[in-house]
Undergrad: 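Handing you this structure, nothing more for now.
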Amino acid sequence: MIQIQDLSFTYKNGESPALQEISLTVPDGGFLGIIGPAGAGKTTLARAAAGIIPHHYPGDFYGSVTVNGLDTVDSSIIDLSRLVGMVFQDVDSQIISPLVEDEMLYGLENFGVSREEIPQRMEEALEKVGIADLRDRSIASLSGGQRQKVAIASIIALKPRILVLDEPTGELDPRSSRQIFSLLKELNEEQGITIILIEQKIMLLCEFARQLAVLSKGRIVRQGDTREVLSHAEELQALGVNCPRVTTLSRVLSEKTGAEQPVCINLDEAENMVRRLIP
Amino acid sequence: MIELEHVSFSYADQGPSVQDVTFRLEKGEFAAILGANGAGKTTTVRLMDGLLKPTSGRVLIHGADTAKSSVSERAARVGFLFQNPDRQICKNTVREEVLFGLRTVRGQDGEEALQERADAVLKEFSFTGEEEPFSLSRGQRQRVALASILAVEPEILILDEPTTGLDYLECCQIMDRIRRMNEERQVTVIMVCHDMEVVLDYARRALVMAGGRLLADGPVPEIFRDTDLMERASILPPQMIALGLRLGAGFERADSPEKMAETVLSLRGKEAAR
Amino acid sequence: MNNLFQYVPGHSLIHRLNPVTKIFLTIVICIAAFLTDRLLFLAGLLAVDLLIGIVAGVANRTWNIFRGLLKIAAFLFLLQALLTRKGTPVFWIITDQGLLTAGKVVLRLVVVCMPLALVLAVTRITDLTNAMVQVMHVPYPYAFTLSTAIRFIPQFLEEMAGIMEAQTARGVAFDKARGLKKFSMILPLCAPLLISSVRRTDQTAVAAEARGFHLRTRTSGYKQYPFTGIDLGAAAFCLLLLTGAMLL
């Protein structure tokens, strides 16, 4: 569980606070999506949730962040890194090794996973992300999308209890993105891994995340169940946050029929809504 | 006008990335190249500007073979917006950045004309010109890159995933600007884009690629409605198209939430009349 | 350029040597090259270099490295030959002594540089650093710095190529410039490149920390690097080289 209370953070040399009075709770086994326009503080929030702030980025830190009971300010980054796996936005700076296999080994070796267990963990993670065939390739020979999958696999292999992902599908096409989202869902539902996901691909996010938090100018302006947050579609759009087209359809139909229509977040729901309207 | 005639391309010690691609873009078209990661889209647009030379086949821009002239000479006519604006931006202020592009390819027009042109473009994009590019957000930097390309008034605009990493508003700002250039000045636009909603909203023609080959070429909504084709190219169609397909006859034209709602209401009206 | 440093996968005798042995062999060849003063022995060492490349199945790479070094060597040879004033003139101001010293200098250079470049072709960089940590007890942070630096080379070149491509597309005539002119055009573009590299290195440090950088100990490696018979053979060969260099 991640509990954030009244968190405000200003980067050293930063002119204005990157985060202001953030309070947010992600329960064990939760799946939270974070959305918001550029510069709203999404990445900063992800760093704070993983304990990288304030450990690596100095600045003025007020409030508290606790991860499974550990206060991130008082705990070492070593203890935190055993709990939280983070996939960074810039994949090229996340990848440390020149070869896929070595990248997979890096964290496993460091965390002292036994020699007997390592091959199985590595294969399983590569398999899950669908890149078992890339194992012996050099990173330099991979496309951006393939590198992104390697980065995700190398974190999943570590079996963290909490996964924080900062736009992990930026370089991926829609089908591969959906595949990654499905994988996250599987990890979340079958292994109870808590997921915090920053994403611009709003349509996918709304299908998969159970809760949403909307950030704007360093503050949380909305948070709650995905459907509830999306029922404020117009407010979101005014902030510069897009909504799935099916949600927009719900809103337009509500206006035009003069009757409140359900807030749809996926195709199935939209299909049902339309079919009910045309008997 | 750009023509690709049986163009193939292979990177050194790798299999072919583009195989026997033939198509032709007329002046004023707005086309998108669709396909999964590794389908050969980026290679194709690089071939179109001569950044890569075809291993076989020809690329003609206004009838001239790209293999016979240099990319830099073409820059006045062909603008290329990359996914990463930071590779393009090299000056300390937005104004200098715009002027840099102008001086490189329109130097013969005289400094005064260039200054005027830069002022006009900065105003259009609502930049003061004194901003430092590297302190702006990624989306704003992409706008700086676009401004300095549009300043030289190219006839053809090639876009390689221009909206990746941008938020919704920034994406709309960039794409609206490009659409205006296309409509008002008949600039030919070709883009690679992973966001099918953006393709549906802005492009009129779609070229579908898979495994380095051109699978299909046609009007955007029709291409998206070809479920078999979408399957083969590993593309997921935009939500409203997918919804229309599920709902069946009568929903062929409902490709936006507004049109979808109208269709629903008119079908409801007919139902009520009966 | 990119290819000159990249690992070539393989299972040759040389590939299977312990990474530490490969480093040792490299150092021995260097020492031997400086110990000896005979042109013929230096030529022999060069033959050893080339042979190693061929046995490792990277003949092409070896040839490319050799050709690259020859260009520098030719320049140095000329300089050395022109500057040496001792000996009897054989042609214009060039003396027999000059030719001999110049020959030795450039041969030494080629002999020393070849194995350094070849090591990277036949050893995965992670094996190199892991073995350094496990066997030679090099502190891990140093090994990490080395491997990250080498890992960044292709990335840096990729970025550079991307920048040049983007600038060419907007009309900067990179595609027509050559040599020094091209270099002077690239220079102003390096500022953004450096900024992004520094930012990237910092982020890589964070990413490493988040995956247990501080937990790593000397024994953390999954792969182990025991010495085998071929290492023994290589060691014997090294001894032979050293004795030869001292006696001949």
Side-chain angles (χ1 to χ4, degrees), chain A residues 15 35-40 42 89-90 141 143-146 148-149 167 169-178 200-204 236-257 261 264 266-271 273-279, chain B residues 13-14 34-39 41-42 83 136-140 161 163-173 194-197 200 230 233-247 250-251 254-272:
Chain A
E15 280 165 22
I35 54 177
K42 302 189 291 293
Q89 191 172 13
D90 176 14
S141 72
S143 70
Q146 288 170 322
Q148 219 150 25
K149 289 182 181 175
E167 299 194 23
T169 66
E171 303 261 346
L172 297 178
D173 61 33
R175 185 160 295 227
S176 298
S177 307
R178 183 169 279 274
Q200 294 288 355
K201 291 174 182 163
I202 187 81
M203 238 177 299
L204 270 176
L236 298 188
Q237 254 153 3
L239 291 170
V241 175
N242 196 9
C243 286
R245 303 275 157 124
V246 286
T247 314
T248 312
L249 179 64
S250 301
R251 182 170 56 81
V252 177
L253 277 173
S254 300
E255 281 165 15
K256 293 205 169 171
T257 55
Q261 300 299 333
C264 299
N266 60 34
L267 274 178
D268 289 340
E269 293 180 7
E271 187 183 353
M273 171 175 71
V274 172
R275 288 200 191 281
R276 249 186 316 98
L277 285 170
I278 325 165
Chain B
D13 55 76
Q14 271 174 39
L34 318 180
N37 284 132
K41 309 180 297 289
T42 295
Q83 183 186 343
L136 297 172
S137 77
R138 162 117 187 202
Q140 294 306 309
E161 299 193 36
T163 62
T164 301
L166 307 196
D167 72 24
Y168 177 63
L169 270 190
E170 292 170 333
C171 168
C172 292
Q173 279 182 328
H194 274 318
D195 189 334
M196 296 306 140
E197 306 290 347
L200 180 64
M230 292 296 100
S234 288
I235 299 172
L236 302 166
Q239 269 191 331
M240 285 303 117
I241 301 263
L243 182 60
L245 284 168
R246 283 179 180 212
L247 293 167
F251 288 90
D255 52 18
S256 70
E258 288 72 23
K259 284 188 204 157
M260 181 61 76
E262 273 166 31
T263 315
V264 170
L265 289 180
S266 81
L267 285 173
R268 236 185 141 189
K270 277 182 203 160
E271 200 64 37

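Below, read A as the first sequence line, B as the second, and so on, with proteins coming before strands; counting in each chain starts at 1.
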Undergrad: Side chain, backbone, both or neither: which part of A:E271 has an atom under 4.5 Å from a heavy atom of chain B?
TA: both
Undergrad: Identify the heavy atoms of B:L236 and A:R178 that sit nearest to each other, and give their distance.
TA: CD1-NE, 3.7 Å
Undergrad: To the nearest 0.5 Å, what is the distance between CG (B:L265) and CG (A:L277)?
TA: 8.0 Å
Undergrad: Would you mind telling me which of B:E262, B:E197, B:M196 has the largest number of heavy-atom pairs within less than 4.5 Å of chain A?
TA: B:E197
Undergrad: Output the option from B:R246, B:Q140, B:K270, B:M260 having the highest count of non-hydrogen pairs under 4.5 Å with chain A.
TA: B:R246
Undergrad: For A:V246, is it the side chain, the backbone, both or neither that has a heavy atom under 4.5 Å from a heavy atom of chain B?
TA: both
Undergrad: Evaluate the side-chain proximity of B:L243 to A:L249: yes if any heavy-atom separation is below 4.5 Å, no if none is.
TA: yes
Undergrad: Pick one of side chain, backbone, both or neither for B:L247, based on which atoms fall under 4.5 Å of a heavy atom in chain A.
TA: both
Undergrad: Say you draw a straight line from CG of A:D173 to NE2 of B:H194; how long is it, rounded to the nearest 0.5 Å?
TA: 5.5 Å
Undergrad: Return the option, out of A:G145, A:P37, A:G36, with the maximum number of heavy-atom pairs under 4.5 Å with chain B.
TA: A:P37
Undergrad: B:R268 vs A:T257, test: side-chain contact (heavy atoms from CB on, under 4.5 Å). Steps then yes/no.
TA: CA-CA 10 Å; B:R268 236 185 141 189; A:T257 55; 3.5 Å; yes
Undergrad: I need the A:Q200 CD to B:D195 CG distance, nearest 0.5 Å.
TA: 10.5 Å
Undergrad: For B:Y168 and A:V241, which heavy atoms make the closest approach, and how far apart are they?
TA: CD2-C, 4.3 Å
Undergrad: Between B:Q239 and A:L267, what is the shortest heavy-atom contact and its length?
TA: O-CD2, 3.5 Å
Undergrad: Name the region of B:T164, side chain, backbone, both or neither, that has any atom closer than 4.5 Å to a heavy atom of chain A.
TA: side chain
Undergrad: For A:L172, which atoms come within 4.5 Å of any heavy atom of chain B: side chain, backbone, both, or neither?
TA: both
Undergrad: Shorter than 4.5 Å, heavy atoms on both sides: which option in A:N242, A:L239, A:L253 has the most such pairs with chain B?
TA: A:N242
Undergrad: Heavy-atom cut-off 4.5 Å, strictly under: side chain, backbone, both or neither for B:E170 against chain A?
TA: side chain
Undergrad: Is A:Q146 in contact with chain B via its backbone, its side chain, both, or neither, using a 4.5 Å heavy-atom distance?
TA: neither
Undergrad: So, for A:S176 and B:N37, which heavy atoms are closest and what is the spacing to 0.1 Å?
TA: OG-OD1, 4.1 Å
Undergrad: Between B:E161 and chain A, with a heavy-atom cut-off of 4.5 Å, which part of the residue counts as in contact: side chain, backbone, both or neither?
TA: neither
Undergrad: Work out which heavy atom in A:T248 is nearest to a heavy atom in B:E258; give both atom names and the distance.
TA: CG2-OE2, 4.4 Å
